[in-house]
Amino acid sequence: ILAQVWFKLSDLFTALSTFKNMFLQTLLVFGVPFALAENVNLESAKQGLTSDDECFEGEEQCALNALQLRQIELEDPDDDGTIGLGPEDDTLGSSYHPSVPDGYLAARCSHRSYCIMGRPSPYMVVSGHGDAVGMESINGGNVGYYDNLMNAAWSHCGSSSCVIITNPKGFRTQSRFHIHYRHQSGYGKSLKSKMEHKVCHEGGWQHGGFPCGGKAKYFSGHVAPMSAAMSAGGIHGAGVSIWPQACGGGGTILLVTYHCSIEHSIAVIPPKHR
């Protein structure tokens, strides 16, 4: 009888040991990878935001916001995304250092007409078309699309204190067409006043004394910006800025500038974005 009891106890201990090993293997197979996956997703999101110095919340919350934003971008073709991105360092004639790698905008806005981006408040229209690289992408066959993008920016900032800006080839950090809409800096207001004195009562494109060899022209009312800018000559190496409600509020001034950028000079850029 004792021998039988001993064998039964031995079988029980063996079964318990087997169960313990199976349980540990289950944890290794299922529990650990799940935890690792969560950490990888969170760390990946954090690393993706390392170059985005405009993440004002805690790291974990920022990472979650970034992941949620990517999902929103896939679902909503008219999203109002809040991807942080510092503007180009466009000091005239200087080299610049991109705040994020080229391709950042293209990866976050595709297969749609355009996206509205920026943090803490949106300040940028980004094309969702892969062939929209920059000003050099505009031609007579597609200029209407770029007029629509400029009008989208205009709809977000259309007061007399606003300026809407594109940077030329060679003076931008992203190879995806994008437009900044900002409020004018002190110099921007001074430049607008200078242009008004020169163009409000004159027809045609006026030049002389404007930055970057610029040409300015007054248009009554609301104008198709890129179509109108093309009348100044070639714009493939140019930047275009819109100055709404000019000349007493009755129209618009377009300024076409060449081979340099004036964004940081004419617009108020929050210090966090510099």
Side-chain angles (χ1 to χ4, degrees), residues 87-96 125 133-144 146-151 153-154 157-172 177-269:
E88 288 84 353
D89 178 1
D90 40 35
T91 305
L92 303 187
S94 72
S95 60
Y96 55 84
V125 173
V133 177
M135 292 293 295
E136 64 273 24
S137 303
I138 304 173
N139 57 59
N142 63 18
V143 66
Y146 292 92
D147 284 333
N148 290 337
L149 297 187
M150 294 292 270
N151 286 332
W154 203 335
C157 196
S159 71
S160 61
S161 66
C162 289
V163 61
I164 299 152
I165 312 155
T166 68
N167 288 313
K169 182 179 180 179
F171 293 86
R172 60 177 189 247
F177 183 83
H178 58 286
I179 304 161
H180 296 275
Y181 51 91
R182 299 282 195 182
H183 286 280
Q184 298 159 25
S185 65
Y187 172 70
K189 292 175 182 177
S190 174
L191 177 59
K192 183 179 182 181
S193 178
K194 183 177 184 177
M195 290 189 293
E196 286 177 323
H197 279 99
K198 205 157 190 175
V199 306
C200 287
H201 304 291
E202 298 289 341
W205 290 94
Q206 305 296 316
H207 58 87
F210 301 141
C212 300
K215 300 177 183 178
K217 184 177 179 179
Y218 172 74
F219 296 85
S220 179
H222 196 100
V223 64
M226 289 305 188
S227 295
M230 290 179 78
S231 69
I235 61 172
H236 285 184
V240 173
S241 55
I242 303 172
W243 304 75
Q245 297 189 27
C247 302
T252 306
I253 292 175
L254 292 186
L255 176 64
V256 181
T257 48
Y258 299 93
H259 307 298
C260 64
S261 174
I262 59 174
E263 183 191 348
H264 274 195
S265 300
I266 65 175
V268 175
I269 311 293

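The residue from Glu263, His178, Arg172 that alone fulfils the side chain to side chain donor-acceptor pair (under 3.5 Å) condition with Asn167 is Glu263. Exactly one residue among Ile266, Ile269, Ile164, Val268 makes a side chain to side chain contact (heavy atoms under 4.5 Å, CB included) with Arg182. That residue is Ile269.
Residues Lys215 and Tyr258 form a side-chain contact, since some pair of their non-hydrogen atoms from C-beta on lies under 4.5 Å apart. The side-chain heavy atoms of Pro225 and Asn151, taken from C-beta on, include a pair separated by under 4.5 Å. The shortest side-chain heavy-atom distance between Met230 and Met226 does not fall under the 4.5 Å cut-off. Counting only heavy atoms from C-beta outward, the side chains of Val133 and Lys169 never approach each other to under 4.5 Å. Taking the side chain as every heavy atom from C-beta outward, Ser185 and His264 never approach each other to under 4.5 Å. Counting only heavy atoms from C-beta outward, the side chains of Tyr187 and Ile262 never approach each other to under 4.5 Å. Pro168 has its side chain out of reach of His259: every pair of non-hydrogen atoms, C-beta onward, lies at least 4.5 Å apart.
The nearest pair of heavy atoms linking Pro211 to Thr257 is O-CG2, 3.4 Å. Across all their heavy atoms, Asn142 and Ser137 have their closest contact at ND2-O, 3.0 Å. Of all non-hydrogen atoms in Ile165 and Ala267, the two that sit nearest each other are CD1-CB, 4.0 Å. For the residue pair His183 and Ser159, the shortest heavy atom distance occurs at CE1-OG, 4.2 Å.
For Gln184 (side chain) and Ser190 (main-chain N/O), no donor-acceptor pair under 3.5 Å exists by modelled atom type. In this structure, Lys198 contributes its side chain and His207 its backbone to a donor-acceptor pair below 3.5 Å.
Separation of atoms CD (Gln206) and SG (Cys200) is listed at 11.0 Å; rounding is to 0.5 Å. Here the CE-OH distance, from Met135 to Tyr146, works out to 9.5 Å after rounding to the nearest 0.5 Å. Interatomic distance, CH2 of Trp154 versus CG of Asn148, reported as 12.5 Å (0.5 Å rounding). The distance from the CE atom of Met195 to the OH atom of Tyr218 is 13.0 Å, given to the nearest 0.5 Å.
Applying the 6.0 Å contact sphere to NZ of Lys189 captures no more than 12 heavy atoms from other residues, nucleotides or ligands. Counting heavy atoms of neighbouring residues, nucleotides and ligands inside a 6.0 Å radius, atom NE2 of His222 exceeds 12 of them.
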Compile the donor-acceptor pairs under 3.5 Å between side chains in residues 232-254 and protein atoms, sequence neighbours left out, one pair per line.
residue	atom	partner	partner atom	Å
His236	NE2	Ile138	O	2.9
Ser241	OG	Trp243	NE1	3.0
Ser241	OG	Leu255	O	3.4
Gln245	NE2	Gly158	O	3.1
Thr252	OG1	Gly221	O	3.0

